[in-house]
2 protein chains.
Amino acid sequence: MNDLKKDNTEEKILIAAQNVFIEKGMDGARMQAIADEAGINKALLHYYFRTKEKLFNAIFIKVFSQIFPNLMTMVLSDLPLEEKLGAFVETYIDMLQKNPFLPTFILKEMNRNPDFLASVIKGSGVNPQEISNMFKKEMEAGKIKRMDPREVLINIIALSIFPIAAGPLISVMFFENDKTAYNEFIEKRKKTITEFVLDSILLK
Amino acid sequence: MNDLKKDNTEEKILIAAQNVFIEKGMDGARMQAIADEAGINKALLHYYFRTKEKLFNAIFIKVFSQIFPNLMTMVLSDLPLEEKLGAFVETYIDMLQKNPFLPTFILKEMNRNPDFLASVIKGSGVNPQEISNMFKKEMEAGKIKRMDPREVLINIIALSIFPIAAGPLISVMFFENDKTAYNEFIEKRKKTITEFVLDSILLK
DNA sequence: TCTAATTTTGACCAATTGGTTAAATTAAAC
DNA sequence: GTTTAATTTAACCAATTGGTCAAAATTAGA
């Protein structure tokens, strides 16, 4: 058997499936559309991934690992908090700009199967405890205000994700659907989110 | 013709459709499921709303008006900013707790038809300009920091909506899927979001 | 009460969709 | 080169789904 050929087809399928699933969701995605985008026969799709659900699960796992990128390495770096936060927000929003449908996809499909979600999180290597500990240390060092460290993290993520997930809405409501103006707004947020958070948590 | 009966059936359909659409989305929703939930025949569904798309559009408009509740009246009240913000966050999160699928529904289905989205927003009576002006006045009065007023509003909404939209994720990652602990967390946020925002924007 | 309009229903339909199968093609093993 | 196994394809299938239709039931109006 030629591994090269097999890997190639499988890879093509995974890329195509990710595109279609992220845009249309599980229910809106069509196996035929995925086959077309991969440039293969629909039967071949079922040859590699027996059912739509199995293919979807594979994609969900793959996508989930992308949404929490080098988050952990950043948190564990020994940069000062200000720079750490700035770097995180910037690369995170960068990634979201390239994959604007990603947040909504996760948020929507997350509710499909709670047990599966739990297993995906466990397998993803994301360790919120470690991030919380990082913030706790900064609190004990008197650098930032005492508060629930989970809340700090969730606030940062919320401020980063929401304006992209709600892009079309914000674009229409605040920028008369001018995409350039909206993109500039998001671009600026790479800096202002950090300021906003630091102004709130830093002990002056 | 008996208006009472007609209104009753139509109302039953609208309620059932809202439940099904919000949980399953446009693609995942089944006309049969809506008919069942409304306790009527599927043909009757098509008698009142000719197509699935027409029914969906009616629901989207209805739901959209719920997600920005008495927002405008709150903004226009002459309470001091601190109380205004506190009241908004509290009632807003209250509403979201009762309709946890609502944000994801809007975020997902928003991309289906941009023109329709724009028309819905225009018709919804939400006026972001007026809210921006309110923040601008507070800036000119030297009460809060000078910044893009749109950003203030979006940050408040992001901090309120995201932790509910991402509920299952947060529940698993931070609370070992303990719903009670998660709910307490959200409950506390009714206060802490306000503090978080005020700490950041207030001029001390 | 009788009639016309409206509302409700059950049976039905065409199109779509996920999935199968058997045959054909390609690659690997000997 | 022949055989064997893996990959790819075209044709097909059963189930689901949005939607229709004609008849039945209910209501309104005279």
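Chain A is the first sequence line, chain B the second, and so forth, proteins listed ahead of strands; every chain is numbered from 1. Atoms considered below: every heavy atom in the structure, side chains included; atoms not considered: hydrogens, waters and symmetry mates.
At whole-Å resolution of the value, CG in A/L44 and C1' in C/dA24 are 14 Å apart. Across the protein-nucleic acid pair, B/D36 atom CG and D/dT17 atom P stand 11 Å apart, rounded to whole Å. Distance CD1 (B/I34) to P (D/dG19): 11 Å, rounded to an integer number of Å. Rounded to a whole Å, the CG atom of B/L45 is 16 Å from the C1' atom of C/dG10. A straight line from OH of A/Y47 to C1' of D/dA5 spans 9 Å, rounded to a whole angstrom.
In this structure, CD1 on A/I13 lies 9.5 Å from CD1 on A/I59, to the nearest 0.5 angstrom. Rounding to the nearest 0.5 Å gives a distance of 11.0 Å between CG of A/L107 and CD1 of B/I161.
Across all non-hydrogen atoms, the minimal contact from B/A35 to B/L45 is N-CD2, 3.9 Å.
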Test side-chain hydrogen bond (donor to acceptor under 3.5 Å, both in side chains) applied to A/E187 and A/N183, step by step: CA-CA 6 Å; A/E187 203 60 37; A/N183 285 333; over 6 Å; no
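Cation-pi geometry between B/R112 and B/F56 is met: the NZ or CZ atom falls under 6.0 Å from the ring centre, inside 45° of the normal.
For the pair A/T9 and D/dT7, the criterion of a side-chain N or O lying under 4.0 Å from OP1 or OP2 is not met.
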Check: protein-nucleotides 18-21 of chain C nitrogen or oxygen pairs below 3.5 Å:
unit_1 : atom_1 : unit_2 : atom_2 : d
C/dG18 : OP1    : A/A29  : O      : 3.3
C/dG18 : OP1    : A/R30  : NH1    : 3.1
C/dG18 : OP1    : A/K52  : NZ     : 3.2
C/dG18 : OP2    : A/M31  : N      : 3.2
C/dG18 : N7     : A/K42  : NZ     : 2.9
C/dG19 : OP2    : A/H46  : NE2    : 3.3
C/dG19 : OP2    : A/K52  : N      : 2.6
C/dG19 : N7     : A/K42  : NZ     : 3.0
C/dG19 : O6     : A/K42  : NZ     : 2.6

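Remark: A/K143 engages A/E82 in a salt bridge, criterion side-chain N to carboxylate O under 4.0 Å.
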